[in-house]
Amino acid sequence: MAGTTPQPTSRTRSWWGWGWTDAHPDDAECTAIGALLPGTLSRPLPVPRVGDLGIGSPAVEAPQSLAHLVTADPADRAAHAMGKAYRDVMRALRGRPGRIPDLVARPTDDREVADLLDWAGDRQVAVVPYGGGSSVTGGVEYRGDAHRAVLSLDLTAMGRVLEVDAEGRSARIQAGTLGPRLEDQLRPHGLTLRHFPQSFEFSTLGGWLATRAGGHYATGRTHIDDFVQAMRVVTPAGTSESWRLPASGAGPSPDRLFLGSEGALGVITEAWVRLQERPRHKASAAVSFSGFHDALRAVRALAQSDLSPANCRLLDAGEAALSGASRDGSAVLVLGFESADEPVTARLERAVDLARSHGGRHGGTVGPGGATETAAEAPDGDAAVGAWRSAFLRMPYLRDGLARMGAVAETFETAATWDRIPGLIDAVRTEVGEAALKATGHPATVNCRLTHVYPDGAAPYFTVLAAGRAGDEVALWDDLKAVASEVLHRHRATITHHHAVGRDHRPGYDRQRPEPFALALRAAKGALDPRGILNPGVLVD
């Protein structure tokens, strides 16, 4: 069954910061939140303007046969110059965005993608595949000067659900489909992909596949990898299209070669993905803990049970206070369950009881939708869950507000086995905090939450809030990130659990991967992209 392309929203995306321009904190809100952090500026940095960047004429022109796909508009080029990490936002605020792409192309089908790659290869033009532009690891920008020009290959004109197999609960979807449009086109069928990263509103299926993105759900199918049936990828050496199968043992998986390849090996143009029925039964609750390590033990017990919570997000005291989920210094465990065919309240009650057996506190009787029958003990499940959810969606905008105040406000994530988790979290808090104090003269806040949990380990997600160094904020964050990366390496924790490698994580990735695999990856790059035009600097050189 063919899909239709929904009409785009009339709201305006920010070219320099997160999300919608009308949702950004104004100057007064920036000043107010900046006052909460010692060492910030007295007034916010001005919102950057494209006209101040001095964007020149492109170094190349597209041939007449491709001209209808390409634009050299300065505003479009500026919007495709970087992702949405703190260092990207800060560079824009300081008027130093880096290399601006010469052209932006929006192909509508595989043939046009192939034609653009052929032209770029002939002209020594670097091609940076671009979905929603929500990368936070330097994955959608060009660094260096080894190529004559840079083309940003925007896939969002390929934004349709092409076919739905309701019997097999799967769909063939174009890679440029943004999260909301994807779900809108599946909703009439009663189906959902059920993959909701924090960037859901501003990221695409192809971006999720190219970065092995993690979704919101804490257990089960946590990564987009788990949903893939087949993929179609256009490379300079030809088009790869795997068979649509429920499973296969026929040698190494061709899809695994391109999952997480970040556009360095080819351009993902469509995929068959597994769907689910839309959930009809939901219940949630929050459980508080006086001690974070008691909470860790409770989460491990939940992850090793058969309960499979959809949400099992543990917030340390600082993170809980920041989100409004707790005001008494407690750590908070946010639990949620959902199902398409049966009530889940009993499973939630079992999970709450398990958490209580490890020292957790929850008042009242759990009810559907996160409601509790009494508010005898704070935080009430409904209030704490709602506060966390609101803060979760608002946080990227507040980060940009703090950036305008010259502060460092950024996150990073990892994953490790349970035996390493307590020591890893303590070391990151201590060593990053000490490095920030030494660099700025002001104490920093280093908070932690667990976003995904597994029977054998968990994914800690850290928030760092620190005073900046006026005009040198990016270098300061790079230094703090280097300290954090060294801690991760020492504890054998991955350089990224779900944010991809990009360019920012290359040093850590190079240390983490086995050398024989690196040798094979370089060979694959040379075979599929012999002229070295695809996203240079990502994964391999």
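- Counting non-hydrogen atoms of other residues, nucleotides and ligands closer than 6.0 Å to CZ of R49 gives a total of 12 or fewer.
- With respect to R194 and E183, no salt bridge is recorded, no charged nitrogen being found less than 4.0 Å from a carboxylate O.
- Checked by atom type, the side-chain pair R511/H489 shows a donor-acceptor distance below 3.5 Å.
- Annotation for S242 and A230: closest pair OG-CA, 3.3 Å, computed over non-hydrogen atoms.
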request  = List the steps, then state whether side chain to side chain donor-acceptor pair (under 3.5 Å) holds for T219 with Y454.
outcome  = CA-CA 6 Å; T219 64; Y454 306 93; over 6 Å; no

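- Counting heavy-atom neighbours within 6.0 Å of D145 CG, excluding the residue itself, gives a total of 12 or less.
- R506 and D541 are joined by a salt bridge, as a carboxylate oxygen and a charged side-chain nitrogen come within less than 4.0 angstrom of each other.
- With no hydrogens or angles considered, a side-chain donor-acceptor pair links T494 and Q512 at under 3.5 Å.
- For H497 and F412, the ring centers sit 6.0 Å or farther from each other.
- Using a 4.5 Å heavy-atom cutoff, the side chains of R169 and R274 are not in contact.
- Residues W20 and T12 fail the side-chain proximity criterion, which asks for heavy atoms closer than 4.5 Å.
- For R87 and E410, the salt-bridge test fails: no basic side-chain N is under 4.0 Å from an acidic carboxylate O.
- Remark: of the listed residues L103, D118, D115, D115 is the sole one forming a side-chain contact (heavy atoms from CB on, under 4.5 Å) with L66.
- Cation-pi geometry between R221 and F227 is met: under 6.0 angstrom from the ring centre, within 45 degrees of the axis.
- Contact annotation: the side chain of C448 never approaches that of V428 to less than 4.5 Å [non-hydrogen atoms, C-beta and beyond].
- A salt bridge is defined here as a Lys NZ or Arg NE, NH1 or NH2 lying under 4.0 Å from an Asp or Glu carboxylate O, and R181 with D184 fails to meet this definition.
- A salt bridge links K525 to D529: at least one charged side-chain nitrogen sits closer than 4.0 Å to a carboxylate oxygen.
- Aromatic ring pairs are classed by plane angle as parallel below 30°, tilted from 30° to 60° and perpendicular above 60°; the pair H499 and Y461 is perpendicular.
- Between the CZ atom in R106 and the NE2 atom in H68 there is a gap of 13.5 Å [rounded to 0.5 Å].
- The CG atom of L265 sits 6.0 Å away from the CG atom of L521 when rounded to the nearest 0.5 Å.
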query = So R244 and S170, side chain to side chain donor-acceptor pair (under 3.5 Å) or not? Walk me through it.
reply = CA-CA 10 Å; R244 179 190 170 206; S170 54; 2.4 Å; yes

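- Atom CZ of R531 sits in a crowded spot, with more than 12 heavy atoms from other residues, nucleotides or ligands closer than 6.0 Å.
- When ring centroids are compared, H498 and W208 stay outside the 6.0 Å threshold.
- Side chain to side chain, D154 and T156 meet the donor-acceptor criterion of an N or O pair below 3.5 Å.
- Taking the charged nitrogens against the carboxylate oxygens, R99 and E141 have no contact shorter than 4.0 Å, which rules out a salt bridge.
- In plain terms, the two heavy atoms of G139 and S135 that are nearest each other are N-OG, 3.0 Å.
- Ion pairing between K481 and E486 fails under the 4.0 Å rule for side-chain N and carboxylate O.
- Ion pairing of R404 with D400 is absent here, as no side-chain N (NZ or NE/NH1/NH2) approaches a carboxylate O to less than 4.0 Å.
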task = Could you walk me through whether Q174 and T269 pass the side chain to side chain donor-acceptor pair (under 3.5 Å) test, one step at a time?
result = CA-CA 6 Å; Q174 289 182 307; T269 58; over 6 Å; no

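- For the pair E201 and R13, the salt-bridge criterion is not met [side-chain N within less than 4.0 Å of a carboxylate O].
- Salt bridge status for R503 with E262: absent, with no side-chain N to carboxylate O gap under 4.0 Å.
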task = Starting from the C-alpha separation in whole Å, work towards a yes-or-no answer on side chain to side chain donor-acceptor pair (under 3.5 Å) for Y142 and H147.
result = CA-CA 10 Å; Y142 180 86; H147 293 79; 2.8 Å; yes

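- Taking the side chain as every heavy atom from C-beta outward, V267 and L155 approach each other to under 4.5 Å.
- In summary, the aromatic rings of H216 and H195 are positioned with their centroids too far apart to meet the 6.0 Å limit.
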